[in-house]
Protein chains: 2
Amino acid sequence: MLVTSASPVKRPYAARLPPAERREQLLEAAQAIALDRGFHAVTIDGVAKACGVTRPVVYGAFEDRTALLTGMLDRAEQRVILQLAGVFPPVPGADDDVDPDDLLVQGITAYLTAITSDPDTWRVILVPPEGAPPELAERVARQRRLQLRALRGLLEWGLRRRGGPDVDAELFTRAVFTLAEGAGRLLLEHPDRWTVEQVARFARVTLASLHP
Amino acid sequence: MLVTSASPVKRPYAARLPPAERREQLLEAAQAIALDRGFHAVTIDGVAKACGVTRPVVYGAFEDRTALLTGMLDRAEQRVILQLAGVFPPVPGADDDVDPDDLLVQGITAYLTAITSDPDTWRVILVPPEGAPPELAERVARQRRLQLRALRGLLEWGLRRRGGPDVDAELFTRAVFTLAEGAGRLLLEHPDRWTVEQVARFARVTLASLHP
DNA sequence: CGTTATTGCTACACAGGTGTAGCAACACAG
DNA sequence: CTGTGTTGCTACACCTGTGTAGCAATAACG
């Protein structure tokens, strides 16, 4: 198209979207950029360009860059909470016929299945892209404390039911949790090399060797 | 001191330092800022101010901000390599009278002692401040691979000497390494709550319960 | 079909950080 | 004590990103 210098090109308008859809689109774009190039690359202009709009459109959906990042983290956190809903069952009763090792392996399997079912969300949490804001660390720490508390109850029950080994329950809980998260990272970083099944088998064999 | 508006205040010159000392001072300041407020706060101006000089002085020691960050990571990496020099001994011979569990606990103790002896350097690595550059992740990954390789040789020997358990050696190595790093983070994040001795005791008891 | 309300765009201003040319100050050597 | 070489400073230019006022375009409603 021939354009004279006297009539500068005006960009065609982007298709209109209702505000809720626009927000969702912007948040998806923000997360994709964070995972691809790091949180520092999540700029107002970068997200606008990724969605084919201009900066005021982003400002129409979010107060500022901080609000955009907060929205992104809200979204990831809500998904994680939903996916972990069934991972930590209530502590079994004294009369319940439940094998503690089976319960733990099931929990680990559920946790890793959640991770592999939504890798992008979990990558933000377990393998945070560079330039991650402090708020991410705060949310991760908060969720981790909740998960540790739930896990500890289960493991204390399991250690009693098993009759040992005689280890510090808090350190044991942290060790199990660290291993589960580490396995999660492994599956995210090497999805073609490791599977949930392999990790579950490893956990089962190791528990079988862990005498009371 | 009374200063007329016609003679603007000129800052007094900072004390002169030979270039090598100035570099060291700037690198120390850069690391302190990174740990206190994140890598994004490590600016040329920020480091200059922390050292009581102006930006050209920083540019006199480092080509640019990237070179400053690289220098900081070089320093941390060199310290880590030095501190880990004795942590991974050569794999014992078939006739060596060495208890594999003792060897592992000694290795974990040496590793955690290195961490607690120079917490600032290890914090950059194990609990990276927000805004960490990609280069940090690359260096950490490279060091981790070297450490995993050394550890795997030792653990394979240990599993053979022990006669089991019958687990995937690579997963077992990763699990042990993940636990050691997790313990390192724990000691960095909660130095008043946990000690190397507690972790070593936990490792010893857990290994004692891990039958072949 | 015209009007209105809503969503998107242009152009502007501002702030923070990078990087440097040329000058200033000072420590050391003769 | 003077001169020189080395280290530090001021002031300037530039770049990238943030944030917004006012206008433009468009979709929906009557």
Side-chain angles (χ1 to χ4, degrees), chain A residues 3-27 29-30 33-34 37-72 130-131 133 135, chain B residues 1 3-27 29-30 33-34 37-72 130-133 135:
Chain A
V3 178
T4 69
S5 62
S7 104
V9 176
K10 287 195 165 193
R11 65 185 280 149
Y13 267 62
R16 289 173 155 232
L17 284 180
E21 283 186 45
R22 181 65 82 190
R23 271 183 69 93
E24 193 57 28
Q25 182 198 35
L26 295 167
L27 291 172
I33 293 170
R37 298 192 275 116
F39 275 94
H40 58 86
V42 182
T43 64
I44 296 293
D45 197 43
V47 172
K49 284 189 164 76
C51 295
V53 295
T54 58
R55 293 202 299 282
V57 172
V58 184
Y59 284 103
F62 299 95
E63 181 76 11
D64 52 20
R65 182 175 180 265
T66 300
L68 173 66
L69 290 181
T70 296
M72 205 187 89
E130 54 273 4
E135 191 185 344
Chain B
M1 192 244 297
V3 176
T4 68
S5 61
S7 107
V9 175
K10 286 195 164 193
R11 63 184 283 150
Y13 267 63
R16 289 173 152 233
L17 285 179
E21 284 186 44
R22 183 65 81 189
R23 272 182 70 92
E24 193 57 27
Q25 183 197 36
L26 295 167
L27 292 172
I33 293 170
R37 299 192 273 118
F39 275 94
H40 58 85
V42 182
T43 63
I44 296 292
D45 196 42
V47 172
K49 285 189 163 76
C51 295
V53 296
T54 58
R55 294 201 301 282
V57 172
V58 184
Y59 283 104
F62 299 95
E63 181 75 11
D64 52 20
R65 182 175 180 264
T66 300
L68 173 64
L69 291 181
T70 296
M72 204 186 90
E130 55 273 4
E135 191 185 345

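Side chains of Leu17(A) and Gln25(A) form a contact here, defined as non-hydrogen atoms less than 4.5 Å apart. The shortest distance between side-chain heavy atoms of Val57(A) and Arg22(A) falls below 4.5 Å.
Listed candidates were dA21(C), dG8(D), dT18(C). Nearest to the side chain of Arg55(B) is dT18(C). The side chain of Ala14(A) lies closest to dG8(C), out of dT20(D), dT20(C), dG8(C).
Per the geometry, CZ belonging to Phe39(B) stands 17 Å off P belonging to dG17(C), to the nearest Å. Between the CG atom of Leu26(B) and the P atom of dT7(D) there is a distance of 13 Å, rounded to whole Å. Distance CZ (Arg65(A)) to C1' (dA15(C)): 15 Å, rounded to an integer number of Å. Put simply, NE2 on His40(A) is 15 Å from P on dT18(C), counting in whole angstrom units. The CZ atom of Arg11(A) sits 14 Å away from the C1' atom of dA11(C) (whole-angstrom rounding).
Closest heavy-atom contact between Leu27(B) and Gly71(B): CD2-C, 3.6 Å. For the pair Val47(A) and Leu68(A), the tightest heavy-atom approach, listed with the atom from each and the gap, is CG2-CD2, 3.9 Å. Considering all non-hydrogen atoms of both residues, Ala14(B) and Val53(B) come closest at CB-CG1, 3.7 Å. Closest approach of Gly52(B) to Arg11(B), counting heavy atoms only: O-NH2, 3.1 Å.
Formation of a donor-acceptor pair under 3.5 Å by the Arg23(B) side chain with backbone atoms of Val58(B) is not found in this model.
For Tyr13(A), no side-chain nitrogen or oxygen approaches OP1 or OP2 of dC9(C) to under 4.0 Å.
Distance check, rounded to the nearest 0.5 Å: CG of Asp45(B) to NZ of Lys49(B) gives 3.5 Å. Taken from CD1 in Ile44(B) to CZ in Arg55(B), the straight-line distance is 9.0 Å, to the nearest 0.5 Å.
Both Glu63(A) and Val53(B) sit near DNA chain D, but only Val53(B) has its closest nucleotide nearer the 5' end.
A heavy-atom distance below 4.0 Å to DNA chain C is reached by these residues of residues 41-52 of chain B, ordered by number: Thr43(B), Ile44(B), Asp45(B). Within residues 15-24 of chain A, the residues approached by DNA chain C to less than 4.0 Å at the level of any non-hydrogen atom are Ala15(A), Arg16(A), Leu17(A), Pro19(A), Arg22(A), in residue-number order.
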